[in-house]
Amino acid sequence: IKGKYPDESRIMLLEAWLLLKQGLFEEALELAERNLQSDKNNAVAWRLMGEINIKLANYDKAISDLRQSKLLSDDPVIRVSLARAYMNAKRYEDAITELKNTISDSSTTHEARLLLEYIYKQLERKEALNRFYQDTLEKFPDSTQWLNRAGSYALRTGQYEKAEQLFQNACQIKLQENPDLNPKELVKDVTYATAFDGYLKALLMEAGESGTSIWNPVKVGKVLEECKKYINTSFAPIAYLRMAEANYKLGNMAKTSEYCKIAIDQTGTNEVLASEVLMRMFLMLGADEVSSYCEQ
């Protein structure tokens with residue numbers, strides 16, 4: 001292409017992008033700077049300069065470049081890049097402001113929302129996160145991805161009833177989207193599986209600890225009822241694990257051990273999942289039980 005169009009400056013820009021993706025940051029920077037010498041009003045070139053300088057940890061220069069790019073073309077993609085530069089420079093308030101403005105002004109805001117969520121989590125701003133999820137779900141009430149993300153946050157922060165409702169809503173939306181699919185087939189959908197498992201975990205957490213004043217065996221019964229529907233599906237390892245946890249709350253240690261072992265057997269070659277089940281088994285039944293099983 002360079003041989004056919006020797007005077008086309010955009011080829012140099014594409015080459016610089018390629019070098020950036022290959023991790024050759026200094027070479028990419030040199031090409032981007034040469035491109036800007038011939039076209040100072042190219043917003044994409046300024047954005048590229050900013051992206052390269054982020055990689056080189058030249059955050060102040062990256063902010064300057066990206067602000068120039070935004071001045072030439074107020075594009076949501078440029079705003080997100082500028083917010084990343086602010087974040088790397090630890091100018092969190094500037095990053096938050098940029099992202100909030102992007103979300104309010106543009107319809108293409110998914111990446112901006114994810115980055116804003118990430119910053120709030122890093123700064124542990126619980127109230128801001130609660131408002132963020134509320135606002136996001138008001139705008140995207142049928143987004144199973146955001147229902148799952150909001151549910152996961154609610155679960156981590158002890159808002160178990162809220163988590164149960166959010167995950168349940170995500171499950172119902174998935175079922176409505178696939179009315180001809182049996183729920184046993186739907187568990188192959190990662191989004192549905194995440195929502196359903198989140199729903200089970202929320203029920204287990206809501207149940208509380210047996211023998212206490214807030215103990216709710218009805219929630220445990222619901223977990224067992226729901227899990228039994230999925231023991232002959234690809235969801236079987238998780239179903240058996242949650243049944244083990246439910247029996248642990250009921251004080252039935254024999255069933256807890258039995259279901260943990262079945263869950264591990266059902267994981268097949270998934271070593272990560274097998275390790276997770278073994279860890280949960282250890283927390284419920286102790287080291288001796290896990291060691292005995294592993295020796296067998």
Side-chain angles (χ1 to χ4, degrees), residues 47 51 66 70 73-88 92-206 222 226 230 235 238:
R47 179 193 163 203
E51 296 281 1
L66 289 164
K70 179 185 168 186
S73 175
D74 194 6
D75 186 284
V77 175
I78 297 171
R79 290 185 179 192
V80 171
S81 293
L82 178 55
R84 288 189 187 281
Y86 281 135
M87 185 184 70
N88 281 296
Y92 298 115
E93 297 307 323
D94 288 326
I96 289 169
T97 299
E98 198 66 49
L99 292 168
K100 288 172 76 173
N101 289 339
T102 303
I103 288 168
S104 62
D105 293 347
S106 172
S107 58
T108 54
T109 59
H110 183 67
E111 188 179 359
R113 286 183 183 277
L114 288 174
L115 186 55
L116 184 56
E117 177 194 39
Y118 173 79
I119 292 173
Y120 281 150
K121 284 181 178 178
Q122 289 294 102
L123 299 177
E124 297 184 355
R125 296 192 178 176
K126 295 180 181 179
E127 289 185 15
L129 267 170
N130 282 322
R131 287 196 305 272
F132 168 80
Y133 287 124
Q134 183 179 338
D135 292 343
T136 299
L137 290 174
E138 283 176 1
K139 290 186 178 181
F140 308 104
D142 297 326
S143 170
T144 50
Q145 181 190 24
W146 282 113
L147 283 165
N148 280 347
R149 296 181 79 86
S152 296
Y153 176 72
L155 204 57
R156 286 196 303 273
T157 53
Q159 303 173 74
Y160 302 133
E161 287 185 18
K162 186 176 181 179
E164 178 192 345
Q165 189 61 58
L166 290 166
F167 285 126
Q168 192 172 34
N169 289 349
C171 288
Q172 288 171 349
I173 289 169
K174 273 292 178 181
L175 288 166
Q176 289 166 6
E177 289 175 354
N178 302 273
D180 299 326
L181 262 186
N182 187 304
K184 290 183 179 181
E185 289 297 311
L186 251 181
V187 290
K188 295 176 182 177
D189 183 309
V190 174
T191 305
Y192 179 78
T194 300
F196 185 70
D197 190 41
Y199 173 62
L200 296 176
K201 287 190 282 189
L203 288 172
L204 285 167
M205 296 306 296
E206 276 188 274
K222 183 68 174 174
E226 292 291 336
Y230 294 90
F235 197 72
I238 299 298

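Nothing fancy with the numbering, it's 1 onward along the sequence.
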How close do [X] and [Y] get, heavy atom to heavy atom, and via which atoms?
{"X": "Leu137", "Y": "Ala150", "result": "CD1-CB, 3.9 Å"}
{"X": "Phe167", "Y": "Ser152", "result": "CZ-N, 3.4 Å"}
{"X": "Gln159", "Y": "Thr157", "result": "NE2-OG1, 2.8 Å"}
{"X": "Ala85", "Y": "Leu66", "result": "CB-CD1, 3.9 Å"}
{"X": "Ser73", "Y": "Ile78", "result": "O-CD1, 3.1 Å"}

Got Gln122 and Met87 here, is their nearest side-chain heavy-atom distance under 4.5 Å?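 Gln122 does not reach Met87 side chain to side chain.
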
Between Leu129 and Lys121, is there a side-chain heavy-atom distance shorter than 4.5 Å?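 Lys121 reaches Leu129 side chain to side chain.
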
[atom1] of [X] to [atom2] of [Y]: how many Å apart, nearest 0.5 Å?
{"X": "Asn101", "Y": "Ile96", "atom1": "CG", "atom2": "CD1", "value": "12.0 Å"}
{"X": "Thr144", "Y": "Leu166", "atom1": "OG1", "atom2": "CG", "value": "12.5 Å"}
{"X": "Glu111", "Y": "Thr102", "atom1": "CD", "atom2": "OG1", "value": "10.5 Å"}
{"X": "Asn130", "Y": "Arg125", "atom1": "CG", "atom2": "CZ", "value": "14.0 Å"}
{"X": "Leu82", "Y": "Asp75", "atom1": "CG", "atom2": "CG", "value": "12.5 Å"}
{"X": "Leu123", "Y": "Glu93", "atom1": "CG", "atom2": "CD", "value": "7.5 Å"}

Donor-acceptor contacts, no H, no angles, side chain residues 198-206, under 3.5 Å, sequence neighbours left out:
none

Under 30°, 30 to 60°, or over 60°: which ring-plane class applies to Phe235 and Tyr230, parallel, tilted or perpendicular?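 Perpendicular, since the angle between the ring planes exceeds 60°.
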
Do you see a donor-acceptor pair shorter than 3.5 Å between the side chains of Gln165 and Asn169?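 Yes, side-chain donor-acceptor contact under 3.5 Å.
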
Do the side chain of Asn148 and the main chain of Ala170 share a donor and acceptor less than 3.5 angstrom apart?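 Not confirmed, Asn148 side chain does not pair with Ala170 backbone.
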
Under a 3.5 Å distance rule, please check whether Arg47 uses its side chain to pair with a backbone N or O of Val77 as donor and acceptor.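 Such a contact is absent between Arg47 side chain and Val77 backbone.
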
Not counting sequence neighbours, which residues clear side-chain contact (heavy atoms from CB on, under 4.5 Å) with Thr136? List them please.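 In terms of side-chain contact (heavy atoms from CB on, under 4.5 Å), with neighbours along the sequence ignored, Thr136 is linked to Arg113, Phe132, Phe140, Trp146.
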
Pairs flagged by salt bridge (charged side-chain N to carboxylate O under 4.0 Å, His left out) wherever residues 136-163 is involved - sequence neighbours left out: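 Residue pairs with at least one partner in residues 136-163: Glu117-Arg149.
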
